[in-house]
Peer 1: 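My questions all concern the structure below.
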Amino acid sequence: MNDGQSLLSYLEAEQKSNRVWWLVNFVVAQTSYWVAIASSFGSAIAISVDNLPKIFIAVLAAIPGVVILVESTFRYSQRADWHSLYSQKLRGLIRQLKFEGNKIEDISKNLSDLEAEMEGKTPPMRLGMLQQTPNKKPE
């Protein structure tokens, strides 16, 4: 396998991996949103039913808040967008290698630049109070 074929295999594997992670994050985000909507609606309906245990209604009503907390912490929808963008840019490098006749060295450098760029754009987890340092009182 020559260097061009090796680079192409690497780019295709990275692109495929990012498509898989896009799908995982997209499905988790969408499922979370629909669960929140359904449980919000369900808790509104459950309140009108007299013989349901209060704990059931309370748990059902708490689900949307938990979903919002999990999504705002782990940022699945933003991670899906990030993986989609990375995948698209990798497809561009694949086309440069396959069809545009660019030099392997140039594509390798572009890949290094892309990796650095995308690392800087990775959506960080929001850990709320765990990330903040307490305010110091003036001395």
Side-chain angles (χ1 to χ4, degrees):
M1 186 181 293
N2 64 25
D3 289 343
Q5 190 61 36
S6 179
L7 180 57
L8 180 60
S9 295
Y10 176 79
L11 289 170
E12 288 174 338
E14 283 294 303
Q15 194 271 332
K16 182 179 180 181
S17 173
N18 274 280
R19 289 305 292 173
V20 167
W21 281 110
W22 165 80
L23 182 60
V24 167
N25 283 282
F26 179 80
V27 167
V28 169
Q30 291 299 308
T31 302
S32 298
Y33 295 143
W34 284 106
V35 165
I37 291 167
S39 65
S40 178
F41 180 74
S43 64
I45 298 300
I47 249 351
S48 66
V49 177
D50 291 332
N51 58 352
L52 285 177
K54 288 184 180 183
I55 188 72
F56 173 78
I57 297 170
V59 168
L60 200 57
I63 290 173
V66 171
V67 168
I68 290 169
L69 176 63
V70 168
E71 170 58 26
S72 67
T73 299
F74 295 103
R75 304 169 85 179
Y76 293 109
S77 56
Q78 289 178 330
R79 289 178 183 277
D81 291 344
W82 183 88
H83 282 289
S84 179
L85 177 63
Y86 202 177
S87 179
Q88 183 270 324
K89 290 185 178 212
L90 288 168
R91 282 193 312 272
L93 292 177
I94 290 168
R95 284 190 300 274
Q96 287 177 18
L97 185 59
K98 278 182 162 179
F99 307 117
E100 297 174 18
N102 291 14
K103 292 181 183 178
I104 296 168
E105 296 82 11
D106 293 339
I107 294 172
S108 177
K109 180 177 180 338
N110 290 344
L111 176 60
S112 296
D113 293 344
L114 175 60
E115 288 172 340
E117 173 194 344
M118 294 307 293
E119 187 173 327
K121 291 182 177 182
T122 304
M125 285 183 21
R126 289 185 180 158
L127 300 176
M129 294 301 293
L130 297 177
Q131 286 182 318
Q132 298 174 359
T133 55
N135 295 334
K136 289 186 176 180
K137 293 183 181 180
E139 295 177 11

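Keep in mind that the numbers below use all heavy atoms, side chains included, and drop hydrogens, waters and symmetry copies.
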Peer 1: Say whether Leu90 and Leu7 are linked into one hydrophobic cluster, either directly or through other cluster members, by side-chain heavy-atom distances under 4.5 angstrom.
Peer 2: yes
Peer 1: Hydrophobic cluster membership, with links at side-chain heavy-atom distances under 4.5 Å among I/L/V/M/F/W/Y: are Val70 and Tyr33 in one?
Peer 2: no
Peer 1: State, yes or no, whether a side-chain contact exists between Pro124 and Arg75 at a heavy-atom distance under 4.5 Å.
Peer 2: yes
Peer 1: Are Tyr10 and Tyr86 grouped together when hydrophobic residues (ILVMFWY) are joined by side-chain heavy atoms under 4.5 angstrom apart?
Peer 2: yes
Peer 1: Determine, step by step, whether Glu12 and Lys98 satisfy the side chain to side chain contact (heavy atoms under 4.5 Å, CB included) criterion, reporting the C-alpha distance in whole Å, the side-chain angles of both residues, the deciding distance to 0.1 Å, and the verdict.
Peer 2: CA-CA 11 Å; Glu12 288 174 338; Lys98 278 182 162 179; 3.5 Å; yes
Peer 1: Could you list the residues that satisfy side chain to side chain contact (heavy atoms under 4.5 Å, CB included) with Lys16, not counting sequence neighbours?
Peer 2: none
Peer 1: May I ask whether Trp21 and Leu85 are part of the same hydrophobic cluster, defined by side-chain heavy atoms of I, L, V, M, F, W, Y residues being less than 4.5 angstrom apart, directly or through others?
Peer 2: no
Peer 1: Do side-chain atoms of Thr122 reach the backbone of Met118 as a donor and acceptor pair under 3.5 angstrom?
Peer 2: yes
Peer 1: Do the side chain of Ser108 and the main chain of Ile104 share a donor and acceptor less than 3.5 angstrom apart?
Peer 2: no
Peer 1: Measure the shortest side-chain to side-chain distance between Asn2 and Gln5 over non-hydrogen atoms and say whether it is less than 4.5 angstrom.
Peer 2: yes
Peer 1: Flag yes if Val35 and Val28 sit in one hydrophobic cluster, no otherwise; membership is Ile, Leu, Val, Met, Phe, Trp, Tyr, and two members link when side-chain heavy atoms are under 4.5 Å apart.
Peer 2: no
Peer 1: Enumerate, atom names and distances included, each donor-acceptor pair closer than 3.5 Å involving a side-chain atom of residues 55-64, sequence neighbours excluded.
Peer 2:
none

Peer 1: Within this structure, what is the CD-CG distance for the pair Gln78 and Asn25, rounded to the nearest 0.5 Å?
Peer 2: 11.0 Å
Peer 1: Given the rule in the side chain to side chain contact (heavy atoms under 4.5 Å, CB included) test, do Trp82 and Asn18 qualify, once you have shown the distances and angles that lead to the verdict?
Peer 2: CA-CA 9 Å; Trp82 183 88; Asn18 274 280; 3.9 Å; yes
Peer 1: Using every non-hydrogen atom in the two residues, find where Gln96 and Ile107 come nearest and quote the distance to one decimal.
Peer 2: C-CD1, 3.7 Å
Peer 1: Kindly assign one of parallel, tilted or perpendicular to the pair Trp22 and Phe26, based on the angle between their ring planes and the thresholds 30° and 60°.
Peer 2: parallel
Peer 1: Under a 3.5 Å distance rule, please check whether Ser40 uses its side chain to pair with a backbone N or O of Ile37 as donor and acceptor.
Peer 2: no
Peer 1: Tell me which pairs pass salt bridge (charged side-chain N to carboxylate O under 4.0 Å, His left out) where either residue lies in residues 77-95, with sequence neighbours left out.
Peer 2: Lys89-Glu117
Peer 1: Begin from the C-alpha positions of Leu97 and Asn102 and carry the test side chain to side chain contact (heavy atoms under 4.5 Å, CB included) through to its verdict.
Peer 2: CA-CA 6 Å; Leu97 185 59; Asn102 291 14; over 6 Å; no
Peer 1: Before giving the answer on side chain to side chain contact (heavy atoms under 4.5 Å, CB included), spell out for Gln15 and Leu93 the whole-Å C-alpha distance, their side-chain angles and the decisive distance to 0.1 Å.
Peer 2: CA-CA 10 Å; Gln15 194 271 332; Leu93 292 177; over 6 Å; no
Peer 1: Find out whether Ser87 and Glu14 are in side-chain contact, i.e. whether some heavy atom of one side chain is under 4.5 Å from a heavy atom of the other.
Peer 2: no
Peer 1: Tell me whether the count of non-hydrogen atoms from other residues, nucleotides or ligands lying under 6.0 Å of CD in Glu119 goes above 12.
Peer 2: no
